[in-house]
Amino acid sequence: MADFAGGGTAPVHPDLGLLFDLSPLPSLLLSPSWRITRASARFLEEWNSSPEACVGQELLAFVQNQLSPSPVHLKFLTTAIDDAIALRAERTSMLINTRRSVSWRARVIPYFKGDELLAIVTEWQKNLSTDDEVQPGLSTDEAFRILVQAVKDYAIFLLDTTGHIATWNTGAELLKGYRRDEIVGKHFSVFYGKEDLDIKKPEMELEICMRDGRVEDEGWRYRKDGSRFWANVVITAVYKNGVHVGFGKVTRDLTERKSAESRLIAAYEESEKLKSDFLANMSHEIRTPMHGMLSACALLLDTGLSSRQRDIVGIMDESGQVLLQVINDILDYSKLASGSFSIHSDIVGITSIVTSVLRSVQTTLPPSVHFEMFLAPDLPRSVQGDPLRYRQILHNIVGNAAKFTEKGSIRVRAGVQREDHDSYIIMTEVTDTGIGIREAAAASLFTPFTQFDATTTKQYKGTGLGLSIAKSLAELMGGSIGYRPNPERHGSIFWFTARFKKIKSLEQIQDWKSRLVRKGGTILAMPEADVVSLRQKLAEVAPIKSLLLVEDNVINQKVMLGLLRSLGFKNTALASNGSEAVNMVRSKPAAYDIVLMDINMPIMDGHQASKAIREADIRVPIIAMTAYALKGDRERCLEHGMNDYIPKPVDKKYLIKVLAKWLLQMKDYRKIFDEQMNKLRSYESLTPGAKGHVADRLQKLSLTVQGEEGEGGGAATPSDRSVENKDQSDSHGAQSSDDTINVVKPTSQEENQHTSSVVSSPRFEPLLPPVQLEMLDSTQDIGLMVTGDIAPNA
């Protein structure tokens, strides 16, 4: 080529298109819209394609058709092109695998004129890397260092053997806020809070890491600016040629996950609360009218009815009982599913429970079905466990057997499966000759809401919850439950086991009762009394007893008054809300023997009313009578000063037992008051000033009580009250809440105060100053507790 400056010929410019075609690298020329405009000969050869097949094609569609990469691998290519255009620099994609197991990398080179993108060149390289080199001139160690340095989502750095920071990557700088020159050389404990530093947590983590090779932790870590984040930290011991050279530390920011978990937990707790509130409300709203219906049926059955009328009322009563059982099943399942079901410890008589269940179910059997009961000779007479839940499981299984057996027999066996030094495993088995269960349905017998006959023509009704509840209860009692076909004839065999503690001596029973009383509880397990006999005894004392019924529902007022009259109670006062009840009780503090208290009422509910009565130091037994029947409702009633609990719909037999317990077995609260006053009068070791203070208070209290009873129309004084069945009361013990009483007197302002709607908490003057009270309680046990913050001069 001649010299241009010397006047020779002009230089010959090579054809750029020809140079592109002859490129030794497989190359593609793309338009700014990523459409293929030219392909090199080497590219067509390597990719086994032709100009007609690729030119004019959109790049991603062409690569997808040729290589069939996964979406992730195709993303590698788009990321490399986007980064190259954004940075106006060459970028190389990560490996993209083909369906022929050949990997490619795309080197992307954008061409700009000013701010205008003219074209994009992609050079495709087969993956020829080895273990030693990633690409020419770049070692594996160097590539790994670059990779770690470029990671932005994780803080990855090395510590020396003493815990000082030796390296710092981009992710660490972004997460913790320190530049490399600010943090390298400092101890990694700089990221921990005061609480962790006080317990030397950083040092402990390194010790554990040296012992186990690795330690992982989650907790709060702190940034340079003092803000904190929830971190997942992994520390790994690093060795080189068997020598410990430091630690590798990887930190991840999980603050968003922690916040999401907190929100999820809060939402779950809120949903559980809403569900509990809904169940409680539905239970109340359903049980309230059912109480009126079933109680009215019970009253109607006690009247003179014709046989046809009695049959109709019996149908109504039976249907109501079935509906009540469905509601109870749903509530039980809800409690079991939420884990809020608890097992109680009591004395259990297996024989008496089995006999009682069979007796109660026998009335529902047709004449063609009979019961058989076999109790093993080694069956213990008494054990310790939960009698109510054992009865519930057995009643469910026996009830199912009765429902599905039309002829033949139902056999119940009970015996000890095995025992150890402290407990028995008792096996109870129920065999029937009923319709049996299909093999396909047996696997789902204990699944909630599952019925082996779910067709619209099914003969036997139910919720499908009974066996599921029985299974959960058996497991809570340390046992299991199962089914097998009856091998002798058509029918089924259901069995369950439960663990019971051994009762080794009579003293153990007494100790158990004492512990229960010391905890403030009452022994709920009453002997199976003859309800008829109990009713007769109750009828003897009912005419001289005064009850207060607190109920806002008009229908329930009518049926409860009728129910109480049928039991012989002639003196029953009525209050329509808690405020009225408090006024009536406070105006005549010794007039009522029992208060039957509804909970959900307008103006003032039963809890507030009970609390106000107790604050007035009136110890009349208060029995909650409510449609709230979920777990915790009974305990909530007791916490507010009530003594017992009757769920609605009120079962007449259960009502008789509770009334008999408090009117026949428990000591009269008014006599306890008299005893405490006598002890106080006879106390002689007080200082002269304290004696004068006591005498003054006793005189005022005596005048107040006499005046109140004078207004009450001749109500008997506490000392004139007799206590029925004294022997029984001595054996069962008085209420634990009466072991100590508050002796108080209302101020003159309260005596003239008339409350119209809501009763406010009254202010009382103490009978003794606190200093003398402390001396009283520490020198002699007279069962007196005086509260107050005013200390008169002694």
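These numbers come from the heavy atoms of this one structure, side chains and all, not from hydrogens, waters or symmetry mates. The first residue of the sequence shown is numbered 1, and numbering continues consecutively from there.
More than 12 heavy atoms of other residues, nucleotides or ligands shown are found within 6.0 angstrom of NZ on K652. Within a 6.0 Å radius of CG in L299, more than 12 heavy atoms belonging to other residues, nucleotides or ligands are found.
At least one side-chain heavy atom of L561 sits under 4.5 Å from a side-chain heavy atom of L549. Counting only heavy atoms from C-beta outward, the side chains of D552 and P602 approach each other to under 4.5 Å. The shortest distance between side-chain heavy atoms of I646 and I623 falls below 4.5 Å. With a 4.5 Å cut-off on side-chain heavy atoms, E475 and S480 do not count as touching. Contact check for M597 versus S610: side-chain heavy atoms found under the 4.5 Å cut-off. Here the side chains of T497 and W495 are in contact, with some heavy-atom distance below 4.5 Å. At least one side-chain heavy atom of F500 sits under 4.5 Å from a side-chain heavy atom of I350. With a 4.5 Å cut-off on side-chain heavy atoms, F494 and N400 do not count as touching.
Between A581 and V550, the closest heavy-atom pair is CB-CG2, 3.6 Å. A470 and I481 get closest at one heavy-atom pair: CB-CD1, 3.9 Å. Here the closest non-hydrogen pair linking M584 and A575 is SD-CB, 3.9 Å. Nearest heavy atom pair, residue M560 against residue V650, reads SD-CG2, 4.4 Å. E580 and S576 make their closest contact through OE1-N, 3.1 Å (heavy atoms, listed as atom of the first residue, atom of the second, distance). E551 approaches N553 most closely through the heavy-atom pair OE2-N, 3.1 Å.
At least one donor-acceptor pair closer than 3.5 Å links the side chain of T433 to the backbone N or O of S409. No side-chain donor-acceptor contact under 3.5 Å links S356 to the backbone of S352. With R411 contributing its side chain and E372 its backbone, the two residues share no donor-acceptor pair below 3.5 Å. A donor-acceptor pair is defined here as one N or O able to donate and one able to accept, closer than 3.5 Å; such a pair exists between the side chain of N571 and the backbone of P543. R310 places a side-chain N or O within donor-acceptor distance of the main-chain N or O of L301, the cut-off being under 3.5 Å.
Between M601 atom CE and H607 atom NE2 the span is 9.5 Å, to the nearest 0.5 Å. A distance of 11.0 Å separates CD in Q608 from CG in N577, rounded to the nearest 0.5 Å. Going from atom CG of D432 over to atom CD of E406 covers 11.5 Å, rounded to the nearest 0.5 Å. The distance from atom CZ of F374 to atom CG of L379, rounded to the nearest 0.5 Å, is 14.5 Å. One distance of note links CD1 of I397 with CD1 of I493; it measures 12.5 Å at 0.5 Å rounding. With rounding to the nearest 0.5 angstrom, the SG atom of C637 is 11.0 Å from the CG atom of N643.
Under 4.0 Å is where a charged nitrogen must lie from a carboxylate oxygen, and between R484 and E429 at least one such pair does. Between D598 and K648 there is a salt bridge, with a side-chain nitrogen of the basic residue lying less than 4.0 Å from a carboxylate oxygen of the acidic one.
Considering only residues two or more places apart in sequence or on other chains, T428 meets the side chain to side chain donor-acceptor pair (under 3.5 Å) condition with Y390. Partners of R565 by side chain to side chain donor-acceptor pair (under 3.5 Å), not counting sequence neighbours: none found. Scanning for side chain to side chain donor-acceptor pair (under 3.5 Å) contacts around S306 gives Q309, with sequence neighbours left out.
Side-chain contact of Q392 with R389: a donor-acceptor pair under 3.5 Å is present, judged by distance alone.
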Q: Walk me through it: do L538 and L534 pass the test side chain to side chain contact (heavy atoms under 4.5 Å, CB included)?
A: CA-CA 6 Å; L538 194 61; L534 208 57; over 6 Å; no

Step by step, would you call Q384 with V348 a side chain to side chain contact (heavy atoms under 4.5 Å, CB included)? CA-CA 6 Å; Q384 186 175 341; V348 183; over 6 Å; no

- Does the side chain to side chain contact (heavy atoms under 4.5 Å, CB included) test come out yes or no for I410 and V430, once each step is laid out? CA-CA 7 Å; I410 298 174; V430 179; 4.0 Å; yes

Margin query: Applying side chain to side chain contact (heavy atoms under 4.5 Å, CB included) to V361 and F371, what does each step give before you reach the verdict?
Written below: CA-CA 10 Å; V361 176; F371 270 127; 3.9 Å; yes

